[in-house]
Amino acid sequence: MSSHDIQQIEHETLRLWEHAFEPNPVPGEKFYLNVAYPYPSGAMHVGHGRTYIAPDVIARFQRMQGRTVLYPMAFHVTGAPVIGISRRIARNDPKAVALYRDLYRVPPDVLAQFTDPLAIVRYFSDEYERVMRACGISIDWRRRFTTVDPPYSRFIEWQWKHLGDEDHVIKGAHPVRYCPACDNPVGDHDLLEGEKAEILQFTLVMFRYHDALIPTATLRPETIYGVTNLWVNPDTIYVRTLVDGMPWIVSREAARKLALQDHTVEITGEVAGQELIDQVVSHPLCGEVPILPARFVEPDMASGIVMSVPAHAPFDYIALRDLQEEGIYAGIAPVPIISVPAYGDVPAKDAVERARIKNQDDPRMEALTQEVYSAEFATGRLYERYGGEPVRQARDTVAAMMTAEYGSIPMYEFDTRSVVCRCGGQVFVRILHDQWFLQYSDPAWKSQVIEHLDTMTLVPPEVRAEFERTVDWLKDWACTRKVGLGTRLPWDPAWLIEPLSDSTVYMAYYTIAHHLKRVSPDLLTPEVFDYIFLGKESPSLPDRETLDLMRREFLFWYPYDFRFSAKDLISNHLTFQLFHHVAIFPRSLLPRGMVVFGMGLLNGAKMSSSKGNVFLLEDAIREFGADTVRMFLVGSAEPWQDFDWRNELVASTRRQIDRFSSTIEELRMATGIPGDIDRWLASRLQGHIERMTGALDRFQTRQALQEAFFGIESDIRWYRRRLPAGSAGSSYLRALSSVWVRLLAPIIPFTCEHLWKSLGEDGLVSYAPWPVPDPSLGDAERELTEDLLARTVEDIESILKIIPLTPSAIIIYTAPAWKREIFVTVAAADNKGTVVKEIMKDTGMRRRGKEVPDTVRQCTTLIHKLPPHIISRLIQGMPDEELLFLNAAGFLEKEFGVPVTVRDAGESTHPKAVLALPFKPALVVE
RNA sequence: GCGAGGGUGUCUGAGCCUGGCCAAAAGAGCCGGACUUAAGAUCCGGUCACGAAGGUGUUCAUGGGUUCGAAUCCCAUCCCUCGCACCA
């Protein structure tokens, strides 16, 4: 078929479908599936395509089975990304302009409007709808909305009122990555450098120095007992400050950081690191210790001053040793306080000496430090005189004690140096206040989710472990923001609800979205939604009739049956939505299942718009046709596997569809009288129907395609081979065509809609009844004998292939009756060891002597090689092989072009004839 | 580093749970043949090695182990993908 024909068919079909998939509640079964809605900030590529096409295949399959199917779509617009994009467009940022103008091909006049963030989402939402329609995705577009539409905001307010009323939202402080230049928290996407930086909580240990305090930052407060000295960098100028009114000495960088972490900081003077050297400081838990110089101390790390525990910190140990090798500070010795099984008394010394470290500049020091810390954390224990606790507990105990009694406070710092914002400025840790959190840490809430998760269908089943881990691992989630698009928090309108938190129960909103478009948003009070979703009465509800309509429609669709999403959302969105559902909806309305998708690759590399490695879905449709795109995307891998888009592979998919079309066109012309081989074809078809249906029930789109496309195709190939010369097949092929077109309709609906019409059928194939296997057409006996014939043909072919002579005749020797008896006995025997003895009890058998055990052995080998379903069938009764081959002699002669004779091996003296076994005749080629 | 999932022939990818149907489905690619003025499409055959009889040998990330028998079970190692939080 030419590209033009395909476009013509697609165009016509789309007109038929315009309003074909707009379901309303009707009696009977429903099926509600939905997909995580897209954030429309760019054009769709083929990776997005599969996310919506695979569910569409399921939607169409369910619809043909007679269910009322809802597949809705909306657009997620809340958050900050489009705001950033619009700014970059406004600034004429070359990268942004290139992406939108060249890759996404946004027309210049439209691009000019992109300085308005809403213009971006409007443009791409429309594009999404257009392209999704062009893919044949059977969405009910009446329900489309965006998450900044006023009715949706009313809905979110209702949702959050519940979350708030039920104490799932708490207020607190929260350390975040923060860019002072932008005056904003920064996420991973906003960073030039240090994406993986984690925020660590250090404990500041307050040492007294005359009338001032010197805070040292540590991750291991329990080592305070082993402190022998402090380290300062002699080349650094430290500052004297008033922190919350108290005089502190810290690095200049630290002063700046503390100011972002809830402290008032006033710099009052400077003090050179050199000046501090050899001064003495004190702490109640370790007494008086001196300050020593060390080059490894970084002023930009935490407070810029470090406490030294040479017995347990390799850095401290080696820095001290370096000094002592210069002959100074000889009086200071490591003070061990922790016992670690795999190390000596002084673990740091042990480790340094084992690794033969020369000095503190050795590059292996980082790794060594990690090693000692891990060992102590895992297996270390404080000495009895320091409490005797395991390190992992002592750490918290000591920190709490120092906080309560010795003025310690936390200080936050990154675990990696150099965290840089996209604006180029350095990023710091800042404590945000009055931040609202969803309390996912709540054990009661978690256990409700786990309990419900147990009842859900998860596809593929392997993801269950990951969901369970995620629920277990989730901590409180900062759910409000200052910037971006979104709905304001009802009880604290200074905050916006964060984008992952306003998209958790919108699947319920879809069920009434089209009705809400006719209602004034002002009427949508929490009471109204309480009535619609929870059936809760309250006085003075407006327009009761409309509310009842919506209540009925919601109850018709909910709970949803399946939610589809890529696997990267397991650890946030997919799990969040379970938390929110269990918090708000009664048990009977909780989600039933989820299907998790793999990722998309393009020519083996990850698809990424920013790297330009994308193939736009619309281009793919134009170049190959929508059905080809669909069939490739759902047929090259199962939905949960990653798939790789390669144009040359897609091109061959296109040929397969063409082949299917022309085969159907040929088949429907056949008018012959159905014969024996038609019974075989019909029987096989029932199996394909059953297996394809099963595959789609399990969301195995690839498996389904293999079964229905290639499975049926190869049957037809064999069928045609078996037809007498000149025959084009029987009128049964017409019935087969009807089944075949319907089976493939969910996957390649455009082609099938067209073929359905050319078969003369009425109505849309999209609503045609799904084929059901007809047991009366099943003929296992016929399939078995055909299988034997095909195996025999293969055997003959492989013989012909290796012998260099031109055959003049083929003789088939079928196994004699007594061998069939043995075969059945062996196949049915539970104990293969005693089977020979059993058989030899028969006097007739005994007379055959050595032939019998030989045959038993051959049969055993053969039985192992045959599929179990064949064996169990053969036990019930061996086919009449002689009759089979006699009937097929004409076919075999046509195939091989030589006379074929069939004989009973028992009546022949040919040396090969003794090889004959049941289901494996001896063959002689002359 | 931690958590989850994976590594199969030229490629995509079945099989692995429940060990003998496995030289390992199916598709793609490639090679050869038929058809055609030719190309494409289509059809037929081949595609680990060896073989003048339907077989034999070696293979399923690597190295061990269990078993009469391992792609499948156990242990170790290496490699890949996703997630690790305020971001859609």
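Only this structure's heavy atoms are used, side chains among them; waters, hydrogens and symmetry mates stay out. As the structure is a prediction and not an experimental result, all values here were calculated from the model.
If you take NZ of A:K912 and C1' of B:rG54, they are 9 Å apart, rounded to a whole angstrom.
Judged by closest nucleotide on RNA chain B, A:V463 is the one of A:V463 and A:T480 placed further toward the 5' end. For A:E648 and A:K920, each mapped to the nucleotide of RNA chain B holding its nearest heavy atom, the one lying further toward the 5' end belongs to A:E648.
Among the heavy atoms of the strands lying under 4.0 Å from A:K475 is at least one base atom, whether or not backbone atoms are also near. The residue A:A80 sits close only to the backbone: its heavy atoms come under 4.0 Å of sugar-phosphate atoms, none of a base. Residue contacts for A:P921: at a heavy-atom cut-off of 4.0 Å it reaches a base atom on one of the strands shown. Looking at heavy-atom distances under 4.0 Å, A:V176 makes no contact with the nucleic acid at all. If you check every strand for non-hydrogen atoms under 4.0 Å, A:H174 touches a base. A:I570 comes within 4.0 angstrom of no nucleic acid atom, judged by non-hydrogen atoms across all strands. Residue-level contact check: A:L915 touches the bases, meaning some heavy atom is under 4.0 Å from a base atom. Within the nucleic acid shown, A:V925 comes within 4.0 Å of at least one base atom, counting heavy atoms only. Here A:L569 lies in heavy-atom contact (under 4.0 Å) with a base. A:L500 comes within 4.0 angstrom of a nucleotide base, judged by non-hydrogen atoms across all strands.
For A:K482 and A:W495, the positive end sits near the middle of the six-membered ring, less than 6.0 Å away and at most 45° from its axis. Cation-pi contact between A:R722 and A:F891: present, with separation from the ring centre below 6.0 Å and deviation from the ring axis of at most 45°.
Judged by distance alone with a 3.5 Å cut-off, no donor-acceptor contact links the side chain of A:D658 to the base of B:rA41.
With centres under 5.5 Å and a plane angle under 30° as the test, the ring of A:W473 is not stacked against the base of B:rG83.
Side-chain N/O atoms of A:Q641 include one lying less than 4.0 angstrom from OP1 or OP2 on B:rA14. Contact check, A:K606 against B:rC82: a side-chain N or O comes under 4.0 Å of OP1 or OP2. Not one side-chain nitrogen or oxygen of A:R659 sits closer than 4.0 Å to the OP1 or OP2 atom of B:rA41. OP1 or OP2 of B:rA28 sits under 4.0 Å from a side-chain N or O of A:Q656. For A:R655 and B:rG29, the shortest distance from a side-chain N or O to OP1 or OP2 is below 4.0 Å.
Comparing the P positions of B:rU8 and B:rG13 gives a spacing of 9 Å, expressed to the nearest Å. To the nearest whole angstrom, the two P atoms, one in B:rU12 and one in B:rA53, are 37 Å apart. When the C1' atom is used for both B:rU56 and B:rG7, the distance is 30 Å, rounded to whole Å. Nucleotides B:rG19 and B:rA71 place their C1' atoms 10 Å apart, quoted to the nearest Å. Atom P of B:rU47 sits at a distance of 14 Å from the matching atom of B:rU10, rounded to the whole Å. Spacing of P atoms, B:rU66 relative to B:rC74, comes out at 15 Å, to the nearest Å. Between the P atoms of B:rC2 and B:rU77, the separation comes to 12 Å (whole Å). Only the P atoms considered, B:rG46 is 12 Å distant from B:rA26, to the nearest whole Å.
With both pairing distances under 3.5 Å, B:rG3 is matched to B:rC82 as a Watson-Crick or G-U wobble pair. B:rU77 is paired with B:rA61 under the criterion used here, namely a Watson-Crick or G-U wobble arrangement in which both key atom distances are under 3.5 Å. Across all strands shown, B:rG29 forms a Watson-Crick or G-U wobble pair, both distances under 3.5 Å, with B:rU47.
Evaluation of the salt bridge (charged side-chain N to carboxylate O under 4.0 Å, His left out) rule for A:E881 yields no partner, not counting sequence neighbours.
Atoms CD and CZ, from A:Q703 and A:R691 in turn, are 9.5 Å apart once rounded to the nearest 0.5 Å. Distance CZ/A:R88 to CD1/A:I83: 12.0 Å, rounded to 0.5 Å.
The minimum heavy-atom distance between A:V82 and A:S41, with the atom names listed, is CG1-CB, 4.0 Å.
Side-chain rings of A:F579 and A:Y440 approach one another, their centers coming within less than 6.0 Å. In this structure, the ring of A:Y37 has its center less than 6.0 angstrom from the ring center of A:H76.
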Any protein N or O atoms within reach of nucleotides 7-12 of chain B? Criterion: under 3.5 Å, listing atom names and distances.
from, atom 1, to, atom 2, distance (Å)
B:rU12, O2', A:S636, O, 3.2

A:W477/A:F576 under ring-ring contact (aromatic ring centres under 6.0 Å, His included): CA gap, chis, key distance, verdict:
CA-CA 10 Å; A:W477 179 267; A:F576 289 5; 4.9 Å; yes

